Structures are given as C-alpha cells and as structure tokens.
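Since the structure is predicted, the reported quantities are computational estimates derived from the model, not experimental observations. Only heavy atoms go into these numbers, but all of them, side chains included; no hydrogens, no water, no symmetry mates. Labels below follow one simple rule: chain letters A, B, ... track the order of the sequence lines, proteins then strands, and each chain is numbered from 1.
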There are 2 protein chains.
Amino acid sequence: MARPTMEDVAKRAGVSRALVSLVMRGSPKVSEQRRTAVLRAAEELGYSPHAMARSLASRTSTVLGVMVSDLHNAFFAEVVDGLDSVAREQGFELIINTGGRSPARERRALDSLLSFRPAGLALLSPVVPTAAISTAADHLPIVLVARSSRVSTVDTVNDDGEQGVGLAVDHLVSLGHRDIVHLDGGEGSQAGPRRRGYVSAMARHGLDPRVVDSEYTDTAGARAVQELRGGGRMPTAVISCNDFNAVGAISALEEAGLGVPGDVSVVGYDNTSLAALRHVSLTTVDQPRNEMGRLAAEALLQRVRGERTDPVRHLLHPSLVVRSTTAPPGGAS
Amino acid sequence: MARPTMEDVAKRAGVSRALVSLVMRGSPKVSEQRRTAVLRAAEELGYSPHAMARSLASRTSTVLGVMVSDLHNAFFAEVVDGLDSVAREQGFELIINTGGRSPARERRALDSLLSFRPAGLALLSPVVPTAAISTAADHLPIVLVARSSRVSTVDTVNDDGEQGVGLAVDHLVSLGHRDIVHLDGGEGSQAGPRRRGYVSAMARHGLDPRVVDSEYTDTAGARAVQELRGGGRMPTAVISCNDFNAVGAISALEEAGLGVPGDVSVVGYDNTSLAALRHVSLTTVDQPRNEMGRLAAEALLQRVRGERTDPVRHLLHPSLVVRSTTAPPGGAS
DNA sequence: TTGTAAGCGTTATCAC
DNA sequence: GTGATAACGCTTACAA
C-alpha cells in the first residue's frame, strides 16, 4: 500500500536522491546513462512524484484552485473547460471544489482550497462576502468569473449583460415587436446588468419597459407568465433572465393556449445545452463561456508569474443565437 | 503575499510551535489561556493550516479525490453532493478533477489527483482502462460509481439498470402497450444492463423485443425515430437509453406529426433536471444519485479506516417517475 | 555531472 | 501542559 519514495528509486538505481530529483524534473545536466537507469528504477517501482512534498520544498505551486458555486449548472462546466485548457498548456493543473450556492459551504470550500496553497484561485460566481475574497487576495492571485467586484486586487471576467439583453431587444424590435416584457432575475448573479440593458434598450427604441419580478428557474418563469395573464395585457414578446426561466415561460404560454412564437416570442439568456435541444430550440443570448474560462486562467497566470499587478476587468461581448422561439408578432403559429 | 506559518503564530502568541499545532488540532491538553492567545494570534495573522505540510508530517490524509468523467452532465453533480456530505460529516474533504470523457485527459486527471496522495479515490463513470484503475487500487482505496468492474480490490456503486428498464416496460405494458421499442445506448456506460433489462422484461411479458441502435444524445434519439419511421412500422411506445435521447425522440415524433403520448409514449432514464422541466415532463427512471454518492463515500472511508478489505458491490434500486409522456396506446393526444 | 546538507511547514515522540 | 528535536518526501544551493 505504501508508495515508493525518491529515496527508494535512488537506492535501486544506485544514485543519490538529488540526482533522481533532477531526472524527475527533466534537467539537461544528467548523463544519459544515469538518466535511463533512474527512469527504469522508477518504472519498476511504480514511482510517481509526491506533488505536495515537491511544492513544500520548492515553495512553488503548479495548482490553480477553482471554486464552482453550483455544479448543477452546466454553465460552469464550459468555463472550467476553458480554465483547464489554458492551465494545462502552461503546466498547471486544476483542483476543483464546490460551494453549493451557500455562503457557509462556500467559505469551507474556499478554506479547503486555500489549505493546498495553490498558485491562484478562480471563483466562479461566488456568493461569499467581498471581505472574505479580499482577505484571500492578500495572499494569492484571485480572479472572479461571473461576479463583478471593485476590489482592486482581484481580476474579473464577465460578459456584458447589458449589451446581451440589448441584442435581444434589438432583434425583437426588428421583427416588429413593440410590447416586450422582461422577466427579471431578482437577486441572481448578473440580473442587474440584464435588467438595465433591457430598460435602456427599450428607451433607445422609444418603447415603454415592463419588468416582471421572477427568478432563475423554470417554475419562476411559468409563474411570471401566469401573473402576466392575470394582469390583463399580454405582451407579444418576452425576454427571460436566463434559459431555465424562458423554458418555464414557454410551457406556461402553451398551457394557456398561446403559441410560441406564433402568439408570443420568447428569448432566453446563457445559451445552455438546454436551449440547443431541438425540442426546445430557444432563441437566446450566448456567453462565450469557454473564452471566459481561458481569460480567467490567463489573468491568474499573469499574476502568478508576476507580470502584472494592476487588476484587469474583462467584459466580453455576448452574441444572439436565433432559433425557433422568435418570429414577427401576430404571425402564424 | 507570503502566508504566515505556524512559526509566525507561535512567535506572536509567545509560545512554541508545537503548542500551536496542538491548538490547531483541537487537543484537549492545552490551557484555556494559551489556547485563546494562540487562536487570536492566528486570527490576526490570517493564518490557515498548510494541508500539504500537515499530511506530509502526519503520514495521513483527510482528502478524498473525485474524478468526474463529465462535468457537463448534471447527473454527477448530485453524486458529488452525496459524497460531499458524508465526507464532511467524517472530517474529510473533497478535491475534484474532471476527465472530459477522454481516456487521455482522464489519465492525467487521475495522476493529478494521485499526486496529492488522497486517502481514497472515487471515480465517477470513468473511461480509463481497468488496468490503470487496478494499478492505482494497489496504493489506495478506490470506489467506482456508475461503472462496474470485477477488480477485486475496488468497490462499486451502481443502479440496477436491468431492473430500471424492467420498471419502464412493466409500466407501459400495464397501460396496454405491446409494441415497445428500445433506443439503445450503444457503447455508453450502463447501456448493456439497460438493454438486457429491456429484452428480458419483454420476454417476461411474452412480447417481441425490438432494439434500435442509438446513443446518449438528443440528436441520436431524433435520428433513431427517423429510422423507425423510414423502416415502416411505428411502435406505440419507446424506451430511451437516457433522458437526452428521449427528448430528441420526442421532438422528432412531434415533427413527424405524431403526438406524445397520444400516438407514441416515451420513457427516459436518469430523471435529470431536464426531465422535470414542465415543458418536458418526461416519464423516466430515477437513479438515487445522492444515495449513490453517500454509499461511495462510506465504502471509501471504511477502507480508509481499515474496517474492511473485501470489495463491496452496491446495486441500488431505481424507481419509475411517471409524468406526462406516457399514456394508454391509441388514446387522445 | 554528481553528491552532501540544509531546509519547506507540519506532526510525533520525548523529556521536562 | 509545554517545548525541543527528529522525521515526512522533496528541492536546492553548494561542494566535489
């Protein structure tokens, strides 16, 4: 059960521990003969280097910590993919931990990650208080994804939610819609910019904004539509705060006998895999998630290498993906 | 930037390093006075213990490694939740890594996890070769989730796919269906048991099985339905290998002008959050994912504590969740 | 090119 | 109760 150590390999190869260390790290100043001897001994013993001991001795780390606030949301999976590919390219590896969208669990996840002394930390849509983040930022580089912050020592990567919802409004207006409602994300992350984007885009087109309180879930989307029906005037188009909400809205509309997009057009946000399902085929706003992950990793590694100390704030351009849930108002179903 | 060490805390509190260590580990044999002094010093310095150094010195680990084959599949998120809660209860923490369903990436993820010398390893639906797994199993406890294995040194946790699909067949037969097709998962994990369950359940009811090759994606499900239409006889019911496949099948059926469940009933597998969306409302087979995670963690920790060396093979009972995509054949749409 | 020796931050074993 | 001191597995000057 006990794993072999460098000492074991050294003994078997008849060399010193230090030499094994050099071979393991691919140093050029080792004779070919010794190198193969060491490598063979390691192979025979099934030796693999002890990352923790290495990091302890070298006072360096090749680990980036990632805190994913919610593993259930596929949004983060692609951000992690982006982080992973850049990290790997540059010789770093990821360790992931999850916060379950609870500040308490997130705090523990953060501490756990920190206890491994990673070179840097990426927090994906964290809900922990800013204070905890800025304290941690005193000790290592931190990048926030899908959460903005004014802390001057952390980098941030976000999509421009204002612009994204603006694209959705423009699209609907160009189709001829004038009565467009926004189903709001409430306290949810990034809900603010999306709402602001809606309001200002409507104003730009000289239209009256109508915001209905809702949340980032499909039942909330359905409920919002029911409220809308109770309230009297039905809009010709709905812009949801995210894809889940949009799907809930669609099913409530259909239950009410309203066709999508025949009677009401619906636009989502995030372009999750759900939106791409042919059964759903939702027009939605795409965030460049993979790119966000890549930029986050790069921001982290720049700081790790000491290339930069000023904070960087990436604001990426979202794009509209037109599918089958939007059409001119009053068109055939 | 450099983090404070135990030495720093000791100095500030005016005690020895060993005493700080005792306090950090909550030893009872420390005077109340010194304890609070140490704790305060640690707080002021922002000290947090160095997990790697601790593990190195104590020759123990309180870390469980988790390799998630595919972060995009929400199935695993709940398994991780189960693992996490048990691990936490027993004073362990998780570090997660992802394999992206590629054997090469998975190997790297495995090595990375191993390099932290965790107390045990949970592999969620891994695709790495058995050899790699059994080699690793020589050095630490390993549990496989959603992947069976005959390796005598690893534990496994699976749902009984045969039984699960049997439930689906029974349900459809009790509704009056006799012409039931299975859309097969091909090489996918757990596709074999599901197919066998279908065949034997059909035989039990004296019905002819009909298996159509497919895959675990919605486009594959749609394609299989198109083949079925081209082939002539349409069944009255379809059992998909998983929920994604089922949703694809539904949309292809609807595009063909066939109502679900009016003309054709559809059953999925996994009870993912997708199936629960009201817009989908899919009848499906539920795996007790959280429970699977909990059992996996418990199996691991039993071995870690040396309480057991014989392998354990958990085979959990799935259950049927009846929603809106199944009805008697020939019924109204 | 190779070996020796001194750490890295912690725990464990003793004495006091 | 408290404090030295020797590990843990590895890296890294520095010497040889």
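- Looking at B:Ser58, its side chain does come within 3.5 Å of a backbone N or O of B:Arg54 through a donor-acceptor pair.
- Considering only side-chain atoms of B:Met6, the nucleotide from C:dT10, D:dT11, D:dG9 that sits closest is C:dT10.
- The 5' end of DNA chain D is approached more closely, in terms of each residue's nearest nucleotide, by B:Val30 than by the other of B:Val30 and B:Ala53.
- Taking atom CZ on A:Arg35 and atom P on C:dT1, their separation rounds to 10 Å, with Å as the unit.
- For D:dT12, the OP1/OP2 oxygens have no side-chain nitrogen or oxygen of A:Ser21 closer than 4.0 Å.
- Atom CD in B:Gln33 sits roughly 13 Å away from atom C1' in D:dT2 (whole-Å rounding).
- Here A:Leu19 lies in heavy-atom contact (under 4.0 Å) with sugar-phosphate atoms only.
- Nucleotide C:dT2 holds its C1' atom 11 Å from the NZ atom of A:Lys29, rounded to whole Å.
- Of the side-chain N and O atoms in B:Thr5, none sit less than 4.0 angstrom from OP1 or OP2 of C:dG9.
- Side-chain atoms of A:Arg147 and A:Ser189 include no donor-acceptor pair closer than 3.5 Å.
- Contact check for A:Asn158 versus A:Leu144: no side-chain heavy atoms found under the 4.5 Å cut-off.
- Here the rule is side chain to side chain contact (heavy atoms under 4.5 Å, CB included) with B:Leu45, and of B:Arg12, B:Arg40, B:Arg3 only B:Arg12 fits it.
- On a pure distance criterion of 3.5 Å, a polar donor-acceptor pair joins the side chain of A:Arg17 and the base of D:dT11.
- Nearest to the side chain of A:Leu56, among D:dC8, D:dA4, D:dG9, sits D:dG9.
- Which of D:dC10, C:dT2, D:dC8 sits closest to the side chain of A:Ser31 comes down to C:dT2.
- Rounded to whole Å, the distance from CZ on B:Arg59 to C1' on C:dT11 is 7 Å.
- Whole-Å rounding puts the A:Met52 CE to D:dT11 P distance at 14 Å.
- Although no hydrogens or angles enter the test, the distance criterion places a donor-acceptor pair under 3.5 Å between the side chain of B:Asp155 and the main chain of B:Val312.
- Look at A:Arg25 and you'll find a side-chain N or O under 4.0 angstrom from OP1 or OP2 of D:dT12.
- Within 4.0 Å (heavy atoms only), A:Arg34 reaches sugar-phosphate atoms of the nucleic acid but no base atom.
- Put simply, NE2 on A:His50 is 13 Å from C1' on C:dC8, counting in whole angstrom units.
- The nearest heavy atom of DNA chain D to B:Ala18 and to B:Ser58 marks one nucleotide each, and the one closer to the 5' end goes with B:Ala18.
- Whole-Å rounding puts the A:Leu22 CG to D:dC14 P distance at 16 Å.
- If you check every strand for non-hydrogen atoms under 4.0 Å, A:Val15 touches sugar and phosphate atoms only.
- Atom CD in A:Glu7 sits about 11 Å away from atom P in C:dT4, given to the nearest Å.
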